[in-house]
Number of protein chains: 2
Amino acid sequence: MSSVEKSDLLKIVGKKIQETRESKGFTQVDLAGKIIGEFDTTNVSRIESGRTNPTLYTLYRIAEALEVSLSELLNIEDCETEI
Amino acid sequence: MSSVEKSDLLKIVGKKIQETRESKGFTQVDLAGKIIGEFDTTNVSRIESGRTNPTLYTLYRIAEALEVSLSELLNIEDCETEI
DNA sequence: TCCACACTTGACATATTTGACAAGTCAAGG
DNA sequence: CCTTGACTTGTCAAATATGTCAAGTGTGGA
């Protein structure tokens, strides 16, 4: 509910993606390789660092590659907003 | 896990947004009005019908306006994939 | 019939994501 | 040193999301 700013939202979600990826022991290269369709490590990097505002479908493909649900990946309720 | 196609994903999420909006008794106009920043009913319509692939921040703003979490709004696990 | 409301659809300009490639940083190891 | 691996950063073209306006559809009420 906290009405997070756009740039903070992107950073929070990016960090969540990064944490999930690392917890699975994947590198960004691994992740990009597992994603459906074409996907460059460049994009992984940009999304993880919050420099880009990914689309729903992109988030979905990342969630799939990370073997978690979209819902889990975007569960930012309990996130420390320590940006 | 079912590896939904892009167009189906957009329709499923769109429908979920519509259902959530209607359950709150909002019209598309109400919703657009409650969304942070500029937002047109045109966009609500396009997103609900799955004709557009919304960005993370757009989804977040919609979730806020609907008073649900992003995670809830994108919980499509239990969705009938009856497209 | 006429009007208002809710929603859809088309077109358009602008901004931005995506995808692709090249180059740069930085750390660990040979 | 030098190389390799992981990641970042820049640029570019193409596709598309967003924001805006205008017009169209359908429904229900006065």
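Sequence lines set the chain letters: A, B, ... in the order given, protein chains first and strands last, and positions in each chain run from 1.
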Practice task
Evaluate the criterion salt bridge (Lys or Arg N to Asp or Glu O under 4.0 Å) for residue pair B/Arg21 and B/Glu48; output intermediate values, then yes/no.
Solution key: CA-CA 10 Å; B/Arg21 173 177 63 78; B/Glu48 284 190 359; 2.6 Å; yes
Handout entry: Protein-nucleotide distance (B/Arg21, atom CZ; C/dT8, atom C1'), rounded to Å
Key = 12 Å
Practice task
Determine whether B/Val13 and B/Ile47 make a side-chain contact, defined as any pair of heavy atoms from C-beta on separated by less than 4.5 Å.
Solution key: no
Exercise for the section: Could you tell me whether the phosphate oxygens of D/dT8, OP1 or OP2, come under 4.0 Å of any side-chain nitrogen or oxygen in A/Gln28? Expected result: yes
Problem - Pairwise side-chain contact, B/Leu70 with B/Ile62, heavy-atom cut-off 4.5 Å (strictly under) - result: no
Practice task
Could you tell me whether the side chain of A/Thr55 reaches within less than 4.5 Å of the side chain of A/Leu59, counting heavy atoms only?
Solution key: no
Practice task
Ignoring hydrogens and angles, state whether a donor on the side chain of A/Ser71 or B/Ser71 is under 3.5 Å from an acceptor on the partner side chain.
Solution key: yes
Problem - Any side-chain heavy-atom pair of B/Thr58 and B/Phe39 under 4.5 Å - result: yes
Exercise for the section: Give a yes or no on whether B/Glu22 atom CD has more than 12 heavy-atom contacts from other residues, nucleotides or ligands under 6.0 Å away. Expected result: yes
Exercise for the section: Could you check which residues of residues 38-46 of chain B get a heavy atom under 4.0 Å from DNA chain C? Sort them by number, please. Expected result: B/Thr42, B/Ser45, B/Arg46
Exercise for the section: Take atom CD1 of A/Ile47 and atom P of C/dT17, then tell me their distance rounded to the nearest Å. Expected result: 9 Å
Exercise for the section: Say whether B/Thr42 and B/Ser45, considering side chains only, have a donor N or O and an acceptor N or O under 3.5 Å apart. Expected result: no
Problem - pair A/Asn75-B/Ser69: side-chain heavy atoms closer than 4.5 Å - result: no
Practice task
Could you check if a side-chain atom of B/Ile76 sits within less than 4.5 angstrom of a side-chain atom of B/Leu9, using non-hydrogen atoms only?
Solution key: yes
Handout entry: Sorted by number, the residues of residues 49-56 of chain A with heavy-atom contact under 4.0 Å to DNA chain C
Key = A/Thr52, A/Asn53, A/Pro54, A/Thr55
Below 3.5 Å is the cut-off: list the nitrogen or oxygen pairs between protein and nucleotides 27-30 of chain C, distance only.
none

Handout entry: A/Lys6 NZ - D/dA17 P separation (whole Å)
Key = 14 Å
Problem - Nearest-angstrom distance from the residue atom OH of A/Tyr57 to C1' of C/dT18 - result: 13 Å
Practice task
Decide yes or no for A/Glu67 and A/Lys34: does some side-chain heavy atom of the first lie under 4.5 Å from some side-chain heavy atom of the second?
Solution key: yes
